[in-house]
Participant: 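Structure provided below as C-alpha cells; questions to follow.
Quantities reported herein were computed from a predicted structural model and do not represent experimental measurements. Within every chain, numbering begins at 1; the chains are lettered A, B, ... in the order of the sequence lines, protein sequences first and strands thereafter.
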Amino acid sequence: MHATASPGPSPSLRGRIQAAIEAAWTLARADLAASASAGGPTPEPQDAPISIERPADASFGDFASNIALRLAKPYRRAPLEIARTIAAHVETTATDPNSPIASVDVAPPGFLNIRLADGALATATQRILANPTTWGHVAAAFPERINVEFVSANPTGPLHIGNARGAFTGDLLCRVLAAAGHKVEREYYFNDFGSQVKNLGASVIAIREGCELPEDGYHGDYVYDLARELPAEVLAQAQESGEDPSWAAGRWASERVRAGIEASLEHLGCHFDVWRSESTLHKDGWVVQAIDRLRAAGDVYQEDGAVVFRSTKFGDDKDRVILRSTEDAAPTYFAADIGYLVEKFSRGYERIIFIWGEDHHGYVARVKAAAQSLGFDRDHVQMILTAWVRFVRDGKEVPMSKRTGEFITLDELLGEIGVDAARWFFASRAASSGIDFDIELAKKQSNENPVYYVQYAHARIASILRKAAESGMAPPAADDPRLADLLAGILQSAPEALLARQIVRLPEVVEDAAASEETHGITAYATELATAFHAFYRDARVVDPDEPDRSTARLALVAAAHTTLANALALLGISAPETM
RNA sequence: GCGCCCGUAGCUCAGUGGAUAGAGCGUCAGGUUGCGGACCUGAAGGUCGUGGGUUCGAGUCCCGCCGGGCGCGCCA
C-alpha cells in the first residue's frame, strides 16, 4: 500500500535510473581524483546532465548510458575505467532491495548497460492500477503557465484543409505540455477589424441584392448561405445609424463564421479557452500602451511621417513600421501584435507559444525583437512553425483560396477520412516535416492507418476483461495484498515481462514529447505497445479457469496495458474504443 | 540575390554526437483444435541528395554544391 499511496505524477523509471547513476558518478569521481596521477588538476565537474537512453538493441539491457564516453576526455581517463568505476558504485538489487536496477554491465568502448529489476516493473504496474487517470503524467521541473495560440484563421470563411495542421499541432502540444505538468491555456486570435470584414459584408449584400460581386469579393457557397440568413434588422439598423451597411453585414457574417469555426474545431477535439478579437485589443488600449512603451524605451523613430520600430537593434533584418503615415496614422497589423504581446504577458504567463505556418517565419524575428524591447525575455516568446502541407488530388495540387471559394473545408476532409485517422496522420509527423497529402490516397489508406492497430489492441483487451467477468474473474484491486507476489510471479516469464517493459515507458515518452515539443514519439510508442500486447496475447492465455492465480496476475497486467493504451491515445486526442 | 525549413527503404515518415540506420504501408513466403485474424512469424528492400571538414566515433555538428518548399510590403 505504501508504494501506491501518493496520488499524482511520479518520476519516470528513467528518471530514477538517472538519479542512481548520478549518485554513483559522484562517488566515482572522488575515486578517480584520489587515484589521479600528478599529471594535472582534476577538471571541474561537468554540467552536462547524465543522459540515459533506451539502447538500440534490447539485448544490451533496459537502459544504457554513454556517460563514461563523454567524460573520458575532460577527465583524461580511459572510458572503460570510468565506466567500471561508476558501475562499482551503483546500488543494485543485489545490495539494496529498493533499487530499480538489477545489474549494471560495462561494454566496450565504455557503455553502461543497465538491467531493470523485476520488482521495479511490479511496482510500476501496481501504481498504474492505483492511479489510472494520472498514469503517464509527469511533474515538470519548473511548472509554467503557458499560453498557446493556434489556428487564428480570420473568420471570413470556414476552416479549410490548410488549417488542419496548425489545429492538430497546437492541440497536441497543449495536451503534451499539460501532461508534463504545465498549466496550459489555448487561445484563438481573430481579426474582426480589417477591411476583409467589410469586404465579406459587401459580398453578402451583393448576393442578397442580386448584384455583381465586388472585384475582391468572396465567392464560396458559404457566402450565399450567409446572404440568405442575414437578418433584415442588421441592415435596417445600419441605415438608421448611418453606418456603412457593408460593415454591419460584415460584422454579423464574421461572427457567424467564427462560431462555425469554433464548432468545427470542437468537432476535431480542439477546444479553445480564450477567443480574443483584434478590435477589443485596440479598444482596451493595449496597442497604444505597447507603442508608448517602445517609445519610452527609445526604440522608435519617425520616418516619412510614419512611426517605425527599430527592430534591427534586436536582430531583425529591417526596421518595421508600426504607425502608417497615411490613413490617420492607423496602426499596422504588427502594431496590434505588439499590443497583444503586452496584453498576454499582463495575464501572467511565463511562456507564450505561437503555432504558425512556416510562411510566417519572417515574423519571428520582429515579434521577438518587440518582446525584448518591451522588457520581456525573448526566449519566453516561442514560435513553432509547421511545414507546408501540399494537398494533392489525382496528382494535382488542390488550389486553396477563401476569396475565390476554391477550397476543401476541414469538415469535408474529416467526413471522408475520420478524425482519429487524421489526428494520427498529423501526430506521427514532425511539425517541420513537409507533407504531401494525397486525399484519394488518404481515403484509400485510412483503413490501413496504424491508429486502428492501436485501437484494436485496446478493444481486444476490453474484450478479454469482459470475458474474464463472464467467468467471475477480474483484475485485482490496487491494494490487494497478494498483488505484489502475483506480479512478481508472472514477470519472470518473457511474454509478461516484455509487455510490462513497454507499459512502464509511458512517462518517459511524455517527458520526451514535452521536451522536444513533438508528438511522433507518442504514436511510435503506442504502436510498439500495441505490438507488445499482441505478442503477449499470442503467447499467454489470460483467462484460464484452471489457473486462477495466474489468470488474476495476468489480468492485472492486461488492465495496466488497457490504461496505458487509453492514456497514450488520450494524449493524442484519439478515442480508445471498447469494441470496434 | 539574401534568409529560414527540408532531402533517410518502392511509398509515407522516425532516428536527443554513440553499439548491426528503424517503423507503418506495399511486395513475397508462412501461421488459428483456447480469451476478437482489424492478429502473429519471417524475408527481400539503403552510395542516409552530393563533396569536403571537425571528432575516438557523423544520418546527426560546420562549410561548399545540387534539388524542393517558404519568406523577404506602411498587405491582412
Participant: When you compare G52(B) with C66(B), how far apart are their C1' atoms, in angstrom units rounded to a whole number?
Facilitator: 15 Å
Participant: I want to verify a distance call: between G36(B), U55(B), G34(B), whose nearest atom is closest to the Arg466(A) side chain?
Facilitator: G36(B)
Participant: Whether the side chain of Ser433(A) and the base of C6(B) hold a donor-acceptor pair under 3.5 Å is what I'd like checked.
Facilitator: no
Participant: Taking only the side-chain heavy atoms of Trp388(A) (C-beta and beyond), determine which of G69(B), C35(B), G24(B) contains the nearest atom.
Facilitator: G69(B)
Participant: What's the CD1-P distance between Ile338(A) and C74(B), to the nearest Å?
Facilitator: 14 Å
Participant: Please state how far atom NE2 in His360(A) lies from atom P in C70(B), giving the value in whole angstrom units.
Facilitator: 14 Å
Participant: Kindly assign one of parallel, tilted or perpendicular to the pair Tyr188(A) and Trp275(A), based on the angle between their ring planes and the thresholds 30° and 60°.
Facilitator: parallel
Participant: Do the side-chain N or O atoms of Arg70(A) get closer than 4.0 angstrom to the phosphate oxygens (OP1, OP2) of U16(B)?
Facilitator: no
Participant: When you compare G7(B) with G46(B), how far apart are their C1' atoms, in angstrom units rounded to a whole number?
Facilitator: 14 Å
Participant: On a plain distance test, is the side chain of Asp337(A) in donor-acceptor contact with the base of A76(B) below 3.5 Å?
Facilitator: no
Participant: Tyr363(A) has an atom OH; how far is it from atom C1' of C75(B), in whole Å?
Facilitator: 8 Å
Participant: Please state the P separation for the pair C13(B) and G36(B) - nearest whole angstrom.
Facilitator: 36 Å
Participant: To the nearest Å, how far apart are Arg390(A) CZ and C70(B) P?
Facilitator: 9 Å
Participant: May I ask you to establish whether Arg54(A) and Phe63(A) are in a cation-pi arrangement, using a distance under 6.0 Å from NZ or CZ to the six-membered ring centre and at most 45° from the ring axis?
Facilitator: yes
Participant: Within the pair Arg538(A) and U41(B), is there a side-chain N or O less than 4.0 Å away from OP1 or OP2?
Facilitator: yes
Participant: Would you say Arg324(A) reaches G73(B)'s phosphate, i.e. side-chain N/O to OP1/OP2 under 4.0 Å?
Facilitator: no
Participant: What is the separation between atom NZ on Lys368(A) and atom P on C4(B), rounded to the nearest whole Å?
Facilitator: 15 Å
Participant: Roughly how many Å apart are G59(B) and A9(B), using the C1' atom of each and rounding to a whole number?
Facilitator: 14 Å
Participant: Which of these nucleotides, C74(B), A38(B), C70(B), is closest to any side-chain atom of Asp359(A)?
Facilitator: C70(B)
Participant: Quick one: on RNA chain B, does Pro450(A) or Ala387(A) contact a more 5' nucleotide (nearest heavy atom)?
Facilitator: Ala387(A)
Participant: Report yes if at least one side-chain N or O of Tyr453(A) is closer than 4.0 Å to OP1 or OP2 of C40(B); otherwise report no.
Facilitator: yes
Participant: Please state whether the base of G3(B) and the side chain of His361(A) form at least one donor-acceptor pair under 3.5 Å?
Facilitator: yes
Participant: For atom P, what is the distance between G1(B) and U27(B), given to the nearest Å?
Facilitator: 45 Å
Participant: Between C1' on C11(B) and CZ on Arg429(A), what's the gap in Å once rounded to a whole number?
Facilitator: 11 Å
Participant: Side chains of Asp62(A) and Arg501(A): closer than 4.5 Å at any heavy-atom pair?
Facilitator: yes
Participant: Look at the side-chain N and O atoms of Lys318(A) and state whether any lies under 4.0 Å from the OP1 or OP2 oxygen of C72(B).
Facilitator: no
Participant: Suppose you measure atom P in A23(B) against the same atom in G30(B); what distance do you get, rounded to whole Å?
Facilitator: 23 Å
Participant: At their closest point, which heavy atom of Pro155(A) faces which heavy atom of Leu200(A), and how far apart are they?
Facilitator: O-CD2, 4.0 Å
Participant: Taking atom P in both G64(B) and C5(B), compute the distance separating them and give it to the nearest angstrom.
Facilitator: 13 Å
Participant: Kindly state whether the pair Phe111(A) / A19(B) counts as stacked, where counting means centroids closer than 5.5 Å and planes tilted less than 30° apart.
Facilitator: yes
Participant: Please examine the side chains of Tyr340(A) and Glu187(A), heavy atoms only from C-beta on, and report whether any two atoms are closer than 4.5 Å.
Facilitator: yes
Participant: For the pair made of CD1 in Ile464(A) and C1' in C39(B), what is the distance, rounded to whole Å?
Facilitator: 12 Å
Participant: In whole angstrom, what separates Glu528(A)'s CD from G15(B)'s P?
Facilitator: 13 Å
Participant: More 5' along RNA chain B: Glu278(A) or Ala530(A), using each one's nearest nucleotide?
Facilitator: Ala530(A)
Participant: What's Ala335(A) touching, base or sugar-phosphate or nothing? Going by heavy atoms closer than 4.0 Å.
Facilitator: nothing
